[in-house]
Engineer: 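Structure incoming, see below.
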Amino acid sequence: IAYTGNVDYNLENLVVVDVIGSILRVRYTEEIREKEGATYGVSVRANVKNFPIPSFSAAINFDTDPKLKDRMIGIVYNEIKSMMTEGPSDVNVGKAKEFLLKQYDQNQRDNGYWSSAIRAKYINGIDVNSKYLEIVNGLTPAKVKAVAEKIFGQGNIVEVVMSPKE
């Protein structure tokens with residue numbers, strides 16, 4: 001299942017879309033893998049890009065028994081709908097913030113991070129470091145919900161199901 005659409009290319013959207021992907025990954029692991037036992041794992045990739053136009057994409061992939069696919073696809077859509085209507089829980093936003101802050105601290109000592117930060121500044125015109133902590137610390141369920149409504153509410157959805165030959 002893939003969503004695409006337009007979104008401004010800025011640091012706040014980069015961070016919040018990353019958080020949305022992280023929270024959905026946790027929710028799908030809890031619901032589809034642990035509760036339903038329907039897959040080994042769910043892949044969630046969510047990102048914002050600047051070229052050729054400012055846009056976002058989110059892709060959710062998983063393998064499951066063909067008999068369970070409709071129910072599992074329903075869970076995918078329900079979690080996105082919940083993110084848009086109710087927003088994520090304080091606990092899930094807190095866990096995502098904790099992870100981002102830890103990752104940021106580790107990145108400060110990594111040449112690869114600084115190389116990417118310099119590239120982002122001079123190629124995409126965005127400073128991904130200076131205001132990062134301020135944005136992460138300012139994250140709230142309401143902010144995440146607002147971005148989820150904006151990106152998923154555009155309705156650009158592709159659903160592909162690959163089934164075995166009978």
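Predicted model, so just to flag it, every value in this text is computed and none were measured.
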Engineer: Between T4, N156, N47, which is the residue that forms a side-chain hydrogen bond (donor to acceptor under 3.5 Å, both in side chains) with S57?
Structural biologist: N47
Engineer: Quick one: does any side-chain atom of N137 pair with a main-chain N or O of L133 as donor and acceptor, under 3.5 Å?
Structural biologist: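 Checking the backbone N and O of L133 against the side chain of N137, a donor-acceptor pair under 3.5 Å is found.
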Engineer: With no hydrogens and no angle check, is any side-chain donor or acceptor of E36 less than 3.5 Å from a backbone partner on M72?
Structural biologist: no
Engineer: Show your reasoning for whether side chain to side chain contact (heavy atoms under 4.5 Å, CB included) applies to I53 and N6.
Structural biologist: CA-CA 8 Å; I53 60 169; N6 299 320; 3.7 Å; yes
Engineer: Please output the side-chain donor-acceptor pairs of residues 79-87 that fall under 3.5 Å, not counting sequence neighbours, one pair per line with the distance.
Structural biologist:
unit_1, atom_1, unit_2, atom_2, d
E79, OE1, R27, NE, 3.1
E79, OE2, R27, NH2, 3.0
T85, OG1, K81, O, 2.9

Engineer: How close do Y3 and I1 get, counting heavy atoms only, and between which atoms?
Structural biologist: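 For Y3 versus I1, the nearest heavy atoms are CE1-CG2, 3.8 Å.
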Engineer: Which value, rounded to the nearest 0.5 Å, describes the distance between S22 atom OG and L100 atom CG?
Structural biologist: 7.0 Å
Engineer: Check for a donor-acceptor pair, side chain of D105 on one end and backbone N or O of L101 on the other, with a separation under 3.5 Å.
Structural biologist: no
Engineer: Keeping the roles fixed (side chain from D127, backbone from N129), state whether a donor-acceptor pair exists under 3.5 Å.
Structural biologist: yes
Engineer: Any idea which heavy atoms bring V44 and G21 closest together, and the distance?
Structural biologist: CG1-O, 3.6 Å
Engineer: Please name the pair of heavy atoms, one in G5 and one in Q154, separated by the smallest distance, quoted to 0.1 Å.
Structural biologist: CA-OE1, 3.1 Å
Engineer: If only atom types and distance count, is the side chain of D8 paired as donor or acceptor with the main-chain N or O of N10 below 3.5 Å?
Structural biologist: no
Engineer: Taking K143 for its side chain and G138 for its backbone only, find out whether a donor-acceptor pair lies under 3.5 Å.
Structural biologist: yes
Engineer: Sub-3.5 Å donor-acceptor pair from the side chain of Y28 to the main-chain atoms of V76, do we have one?
Structural biologist: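 Confirmed, Y28 side chain pairs with V76 backbone.
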Engineer: Do the ring planes of F56 and F152 sit parallel (below 30°), tilted (30 to 60°) or perpendicular (above 60°)?
Structural biologist: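 Taking F152 first and then F56, their aromatic rings stand perpendicular (interplane angle over 60°).
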Engineer: Shortest non-hydrogen contact from V128 to Y113?
Structural biologist: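 Looking at all heavy atoms of both residues, the shortest contact is O-OH, 3.9 Å.
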Engineer: With I20 as reference, evaluate L24, I23, D18 under the side chain to side chain contact (heavy atoms under 4.5 Å, CB included) test and give the passing residue.
Structural biologist: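 Only one of L24, I23, D18 forms a side chain to side chain contact (heavy atoms under 4.5 Å, CB included) with I20, namely L24.
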Engineer: Does Q103 have more than 12 heavy atoms from other residues, nucleotides or ligands lying within 6.0 Å of its CD?
Structural biologist: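 Yes.
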Engineer: Could you report the tightest heavy-atom contact between V16 and L139, atom names first, then the distance?
Structural biologist: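 Where V16 meets L139 most closely, the heavy atoms are CG2-CD2, 3.6 Å.
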Engineer: Side-chain polar contacts of residues 58-66 - donor-acceptor pairs under 3.5 angstrom, sequence neighbours left out - could you list them?
Structural biologist:
unit_1, atom_1, unit_2, atom_2, d
T64, OG1, A38, O, 2.7
D65, OD1, K67, N, 2.8

Engineer: Would you call V147 and E149 a side-chain contact if the rule is heavy atoms closer than 4.5 Å?
Structural biologist: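 Side chain of V147 against side chain of E149, heavy atoms only: no contact under 4.5 Å found.
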Engineer: Determine, using the 4.5 Å side-chain heavy-atom cutoff (strictly less than), whether V144 and I135 are members of one ILVMFWY cluster.
Structural biologist: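 Yes; tracing contacts between hydrophobic side chains, which count when under 4.5 Å, links both residues.
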Engineer: In the hydrophobic clustering (ILVMFWY, side-chain contacts below 4.5 Å, transitive), which residues join I118, or is it alone?
Structural biologist: Y122
Engineer: Could you go through the side chain to side chain contact (heavy atoms under 4.5 Å, CB included) check for F51 and Y9 one step at a time?
Structural biologist: CA-CA 10 Å; F51 184 80; Y9 185 79; over 6 Å; no
Engineer: Pair R25, V42 - check side chain to side chain contact (heavy atoms under 4.5 Å, CB included), show working.
Structural biologist: CA-CA 7 Å; R25 195 172 302 111; V42 179; over 6 Å; no
Engineer: Out of curiosity, S55 OG to N13 CG, how far, rounded to the nearest 0.5 Å?
Structural biologist: 11.5 Å
Engineer: Short question: side chain of R33, backbone of G41 - any donor-acceptor pair under 3.5 Å?
Structural biologist: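 Answer holds: no.
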Engineer: Under a single-linkage definition using a 4.5 Å side-chain heavy-atom cutoff for Ile, Leu, Val, Met, Phe, Trp and Tyr, are V48 and I126 assigned to the same hydrophobic cluster?
Structural biologist: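 Linked within one cluster.
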Engineer: Tell me, yes or no, whether the heavy-atom count around F99 atom CZ, taken from other residues, nucleotides or ligands under 6.0 Å, exceeds 12.
Structural biologist: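 12 or below, so no.
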Engineer: A side-chain contact here means heavy atoms from C-beta on lying under 4.5 Å apart; do I73 and V161 qualify?
Structural biologist: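 Sidechains of V161 and I73: in contact.
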Engineer: Side chain to side chain contact (heavy atoms under 4.5 Å, CB included) for N107 and W114? Distances and angles first, verdict last.
Structural biologist: CA-CA 8 Å; N107 284 342; W114 287 108; over 6 Å; no
Engineer: Taking NZ in K95 as the centre, count heavy atoms belonging to other residues, nucleotides or ligands within less than 6.0 Å. Is the count above 12?
Structural biologist: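 Counting other residues, nucleotides and ligands, NZ of K95 stays at 12 neighbours or fewer.
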